[in-house]
There are 2 protein chains.
Amino acid sequence: MTGSTPSSWLMSSVFSEPLEPQAQRVLSDLRPQLIKARSVLFHPGVRPEGFLIVIDGRVGVYLVGKGGRELLLYSVSRGETCIQTTLGLLGQEPYSAEAVAETDLVAVMVPQAVFETLVATSGAFRGFVFRAFAARVADVMFVLEQVAFVKVESRLAHVLRERADPSGTVSATHQELAVAIGSAREVVTRQLRALASRGLVALERGAIEIVDPAELARLAEEIA
Amino acid sequence: MTGSTPSSWLMSSVFSEPLEPQAQRVLSDLRPQLIKARSVLFHPGVRPEGFLIVIDGRVGVYLVGKGGRELLLYSVSRGETCIQTTLGLLGQEPYSAEAVAETDLVAVMVPQAVFETLVATSGAFRGFVFRAFAARVADVMFVLEQVAFVKVESRLAHVLRERADPSGTVSATHQELAVAIGSAREVVTRQLRALASRGLVALERGAIEIVDPAELARLAEEIA
DNA sequence: ATCCGTCGGTGACATTGTCACCGGATCAGG
DNA sequence: CCTGATCCGGTGACAATGTCACCGACGGAT
């Protein structure tokens, strides 16, 4: 992913349509940065410095409540962007969201001035930005719908399916799953035991193995 | 608000910066429409036709769950815009949000092609669109934070303050308040009785009178 | 007046969140 | 290797909230 020529990241499939030449020129002046895992990219009260495009790695964006509780809003992976940064630039008050590098990152930070130039002059870049907005808002709305309307069991089944690796194993602590579904650690523990006693999953320290994917899928779709 | 000259709505304070002349020309070709109260502007499965700018009246945007439960995402008032329409145009699948005219409306529908032209050519229009995005996403994030982290009592106190008219009266049914805070009608009824028995509010059919604004404000800010 | 739909009220119960605590696993430093 | 320190998971008890099944009271329409 991390190429050798200056603007190789531009050539990767970050932009779905070809960029205009002048936009390419502007962007190829920007160098990808290396960011260590666990770095906090922004947090409440700190305005981000620009528009972040993730070339490689993964960023988690969390909503943090006053009581210290957290809720995962969405993850930003390769080729995607963190719209919170843009919103922070545009809007007035940054609300209480926090972005953390979940892995080591390769990312490009587009300064605000450059961002504004690109949005004004490049249709392809505009398209990229708008699509990113739409996708992120859809993510957040999905989380809202889950938290507001869906039972814990179903949310948990959903997130387990989402995070399972090809072999059917989910590497996550109960606490992490609780943050992903907007619940409490104890609740996740109990739900997992219930699922395990029904033979749907098997539990290990720091990991959950999916035993009955079909039934779990059914649970994830359950209404009410 | 509904002026007599063709483009009078453009002169109103919808745009915070002056529009470029060519953008004014494009927009003044669009005529405000009258929309009756209770009209559904869009709902799940129906793609909106354009970018809606509300000149007068109020639109409520709701998230609707499969079980029929509803949650108020935000209201769109004079000079604001419904970003869901834009997201629907840009994104792929419309999620399950529904927009309803809460009052009779005067609104301008900007067709997609015109919207794209304006975004490409007018910095003022772009600024308007981006600010609207930021404000709406902030609204939705606030709702999410409330639903995920805040107690019913506190949410209820907050929404009562928000909706009180200058005399301290809130005209809403328990059901409407329940939708506004993402809870159930029975829960709202019980919480209101509890507040009434503490002397913070007085209840009437279809309305709540705020008796102790200061204490209600304290509740609305409560953590945990 | 009577019918009908909306609004509010309530008990019983299921689900979820919170608090207080515990013991085992893991890991870093001595 | 030992030893805290910390993280992870487990659990009981209880509080808060959601759900279900009703009910009566009210207000508008015919």
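Below, read A as the first sequence line, B as the second, and so on, with proteins coming before strands; counting in each chain starts at 1.
Distance CG (B:Leu192) to C1' (C:dC7): 13 Å, rounded to an integer number of Å. To the nearest angstrom, P of C:dT18 lies 14 Å from NZ of A:Lys66. Here the P atom of nucleotide D:dC7 and the CD atom of A:Gln175 are 11 Å apart, to the nearest Å. The nearest whole Å value for the distance from the CD atom in B:Glu153 to the P atom in D:dG18 is 13 Å. Computed from coordinates, the B:Ile181 CD1 to D:dT17 C1' distance equals 10 Å when rounded to whole Å. At whole-Å resolution of the value, CZ in B:Arg69 and C1' in D:dC20 are 14 Å apart. Rounded to an integer number of Å, the gap from NE2 of A:His174 to C1' of D:dC7 is 13 Å. Between A:Glu176 atom CD and D:dG9 atom P the separation is 9 Å, expressed in whole Å.
A:Arg163 places none of its side-chain heavy atoms less than 4.5 Å from the side chain of A:Ile208. In this structure, B:Asp139 and B:Arg136 have side chains that are in contact, with non-hydrogen atoms separated by less than 4.5 Å. Residues A:Leu63 and B:Phe149 form a side-chain contact, since some pair of their non-hydrogen atoms from C-beta on lies under 4.5 Å apart.
Proximity of a side-chain donor or acceptor of A:Arg155 to a complementary backbone N or O of A:Val150 within less than 3.5 Å is detected. One N or O on the side chain of A:Thr103 and one on the backbone of A:Arg58 form a donor-acceptor pair closer than 3.5 Å.
Taking 3.5 Å as the limit, the base of C:dG9 and the side chain of B:Arg185 contain a donor-acceptor pair of atoms between them. Within 3.5 Å, a donor on the side chain of A:Glu186 pairs with an acceptor on the base of C:dC19, or the reverse.
Non-hydrogen atoms lying under 4.0 Å from DNA chain C are contributed by B:Arg205, B:Gly206, all within residues 199-209 of chain B.
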Donor-acceptor list for residues 33-42 of chain B side chains, cut-off 3.5 Å, not counting sequence neighbours:
residue, atom, partner, partner atom, Å
B:Ser39, OG, B:Lys36, O, 2.6

For a quick test of your reading: what N or O donor-acceptor pairs under 3.5 Å do the side chains of residues 174-188 of chain A make, sequence neighbours left out?
residue, atom, partner, partner atom, Å
A:His174, ND1, A:Thr189, OG1, 2.9
A:Glu176, OE1, A:Thr173, N, 3.1

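Sequence order on DNA chain C of the closest nucleotides to B:Arg190 and B:Thr173 puts B:Thr173 first from the 5' end.
The phosphate of D:dA16 (OP1 or OP2) has no side-chain N or O of B:Gln191 nearer than 4.0 angstrom. OP1 and OP2 of D:dC8 both lie 4.0 Å or more from every side-chain N or O belonging to A:Thr189.
Contacts of B:Tyr74 classified as ring pair (Phe, Tyr, Trp, His ring centres under 6.0 Å), with partners at least two apart in sequence or in another chain: none.
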**Complete:** Each base of DNA chain C marked ( ) or [ ] if paired in-strand (Watson-Crick or G-U under 3.5 Å), | if paired to another strand and . if unpaired gives ||||||||||||||||||||||||||||||

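Applying the ring-ring contact (aromatic ring centres under 6.0 Å, His included) rule to pairs touching residues 195-214 of chain A yields nothing, sequence neighbours excluded.
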